[in-house]
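Below you'll find the structure, written out as structure tokens, and then a few comments.
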Amino acid sequence: MKKVFTMLICLVLAGSLPGQNMSSILSAGDKARYDGIMSALQRHDYLNAIIELNGFIPGYSTYWDLYYNRGIARAGLNDWIGARRDFILAKGSGCKMENINYLISKQALVSFILKELKQEEKLDSLREFRPVIEPGDIIRGALRPERTCFDVTFYNLTVKIIPETKSIEGSNSICFKTTTDTKIIQIDLFPDYAIKSIKWNDRDLNYTRNEGGIFIDFGETIPAGRDEKITITYSGVPMVARKPPWNGGFVWEKEKNRWDVGIACEHLGASSWWPNKDHLSDKPDSMIINVQVPAGYQGISNGNLASQTAIADGYTNFEWKVSYPINSYNVTFYMGDFVNFNEQFTNSFGSYQMDYYVLPKNLEKAKKYYTQTKEILAIYEKVFGEYPFKKDGVGMVEAPFEGMEHQGAIAIGGEYGKSNNRREYYTKDYDYLIIHELAHEWWGNAVAVPDMADAWINEGFATYSEFLFAEEKFGYPEYIRVAASNFGSVMNIWPIVGERDINSNTFLGNDIYTKGAAMLNNLRCIMNNDTLFKNMIKGFYQKYKYRIVTTSDFTDYVKDYTKADYSDFFDIFLYKTEAPILACSYTIDKGNNLTFTYRWSNTGINFTMPFCIAVSDKEYIRLTGTSFLQTYRYKGAKTFYLVNESRYDKEKVPANSFTYYWTSWPF
Ligand SMILES: [Zn+2]
């Protein structure tokens with residue numbers, strides 16, 4: 001799924017500072033001093049801005065601008081604890097800016113995010129203001145015996161799209177193998193749909209419904225190891241998406257009297273539109289999807305088109321075959337006036353087809369836009385291994401919402417790179433949207449997670465793939481630029497590994513993307529051996545493709561591969577909200593001797609991580625911190641700063657030194 005928020009500092013501190021017009025009340029001498037502070041801030045010289053403000057504030061202690069600006073300077077150093085203190089002082093001194101609340105209060109920040117996503121959920125103050133767990137979350141998220149007793153092998157889904165009434169009707173035949181003796185199984189479908197029948201070998205089965213769960217009673221015990229099939233027939237009005245893809249559901253667009261319809265349902269759940277075992281731990285080995293649309297429209301879905309048949313009521317049935325395991329949330333359809341064009345991708349093993357479905361008005365634009373796809377594919381095949389769904393081919397479909405990684409039928413919105421997409425951090429020839437969504441075919445679709453708690457693997461690896469694309473295509477300095485852009489969006493609201501068994505909405509707050517990718521970057525910096533790191537990522541992919549992977553599978557894999565113990569590192573980056581803090585201090589004496597002391601705090605005792613300092617604004621030096629105090633000395637230093645996402649020269653950053661972390665200072 002596409003990331004929703006961009007730079008955190010932009011989000012939190014958006015807008016120009018109204019201020020209290022300090023300049024008008026200052027004496028000439030103080031005005032020059034104040035202007036000096038402002039220009040230090042503009043130069044990103046945060047350390048000196050803080051030191052100067054510390055001297056300035058006592059004379060003007062009632063002016064909130066000063067605390068606010070010092071907060072911004074501290075935020076520029078990633079001294080978020082100090083920044084928060086300053087923003088509280090600014091608010092206490094009369095600052096009325098709404099944005100300040102997002103930094104002071106987690107509750108306010110989460111409420112803001114939910115408002116942006118048009119989600120109405122109550123927050124739980126006992127769980128760090130996560131959304132309250134509702135009974136339906138447990139029905140959806142937990143693995144109980146009614147679910148672990150069977151393994152889905154195949155779905156044959158038929159869905160008829162009825163635009164006039166914005167409703168659907170259909171059926172799903174579910175083939176499964178029992179893994180333990182059972183009398184009852186759970187299938188999921190949102191409660192607003194009517195179930196016409198549930199059939200087992202022409203026998204109608206009884207069932208009860210609880211929230212989104214359908215508990216189906218076979219009336220007898222089915223022994224373990226049996227292959228069975230049930231068919232559920234249903235109809236209803238699907239939920240309309242409030243902010244797709246993040247707050248999902250159906251999208252019913254109409255332009256010039258022609259429909260353009262689609263669905264995005266990650267986290268919301270596939271059971272919002274078709275009955276299935278809606279738990280990430282179980283994927284069918286393959287699937288058929290019949291999309292039925294009014295004659296004259298195309299019905300596009302995952303996999304390959306097997307047949308197109310005119311059926312009753314002036315409808316056309318488009319039958320699609322998926323030859324691989326597929327996540328329920330990746331199953332999709334698009335109804336519209338699509339035109340198709342395609343090309344072949346050839347690698348050393350053979351070739352496969354790349355299909356594009358676009359609205360006719362955008363055909364020329366799209367043909368130009370998609371010239372980048374082959375290059376992106378080639379880079380991912382190089383760094384991860386061959387495209388995982390060759391038999392189904394690559395597919396991209398114009399969608400009435402921004403991107404979503406529907407397997408073999410990726411949703412491409414955003415008007416072919418022309419939308420207000422602030423995350424296009426490449427040249428005009430490469431769009432972040434394709435780079436990100438295509439990476440999901442490897443990460444999220446081929447390698448998949450069993451619980452939303454582990455969704456950082458999908459988004460963290462897809463986001464880190466953007467870094468690797470930049471590095472492969474443009475070189476290491478561009479890798480640094482993409483990393484910096486991502487670090488600046490980390491929010492640190494909750495740990496990136498979410499709560500298990502409740503269908504946790506780990507997408508809220510973005511960190512599964514940005515902090516997940518930052519964690520991978522930092523791990524690479526710590527390992528300080530690019531060949532080892534890149535082979536490890538490739539090996540991890542190869543081991544887990546078409547399989548399910550948990551967070552501990554990943555950390556165990558790293559441990560096995562490197563024979564090193566990174567448990568203190570994983571503990572803070574995966575399971576803690578806050579980042580490691582570099583506790584540091586520096587002086588430059590009259591003889592230009594720099595003394596810099598540093599150590600990692602807020603971490604386990606075995607935590608070790610490199611970072612980068614700049615001396616005299618030209619020399620970038622990689623240092624490795626531990627939890628023990630160290631001192632670094634340098635002769636002939638004119639200036640000093642820490643290199644981070646707010647202040648860096650991408651050309652000068654030494655290999656494996658640009659890490660994400662917080663800081664604290666004695667001033
Ligand atoms: Zn994504």
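Just so you know, these numbers come straight off a predicted model, no measurement behind them. Order of appearance sets the numbers: ligands from 1, and atoms from 1 within every ligand.
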Salt-bridged, Lys534 to Glu471, with N to O below 4.0 Å? yes
N, O or S atom within Glu459 nearest to the Zn ion (ligand 1), by name: OE1
Side chain to side chain donor-acceptor pair (under 3.5 Å) against Asp124, all qualifying residues, sequence neighbours excluded: Arg127
Would one find an N, O or S atom of Glu437, in either backbone or side chain, under 2.8 Å from the Zn ion (ligand 1)? no
Holding to side-chain contact (heavy atoms from CB on, under 4.5 Å), I want the full list of residues that pass it with Asp282, two or more places apart in sequence or in another chain. Asp151, Val152, Lys277
Proximal heteroatom of His436 relative to the Zn ion (ligand 1) (N/O/S): NE2
For atom CE of Met527, is the number of surrounding heavy atoms from other residues, nucleotides or ligands below 6.0 Å larger than 12? yes
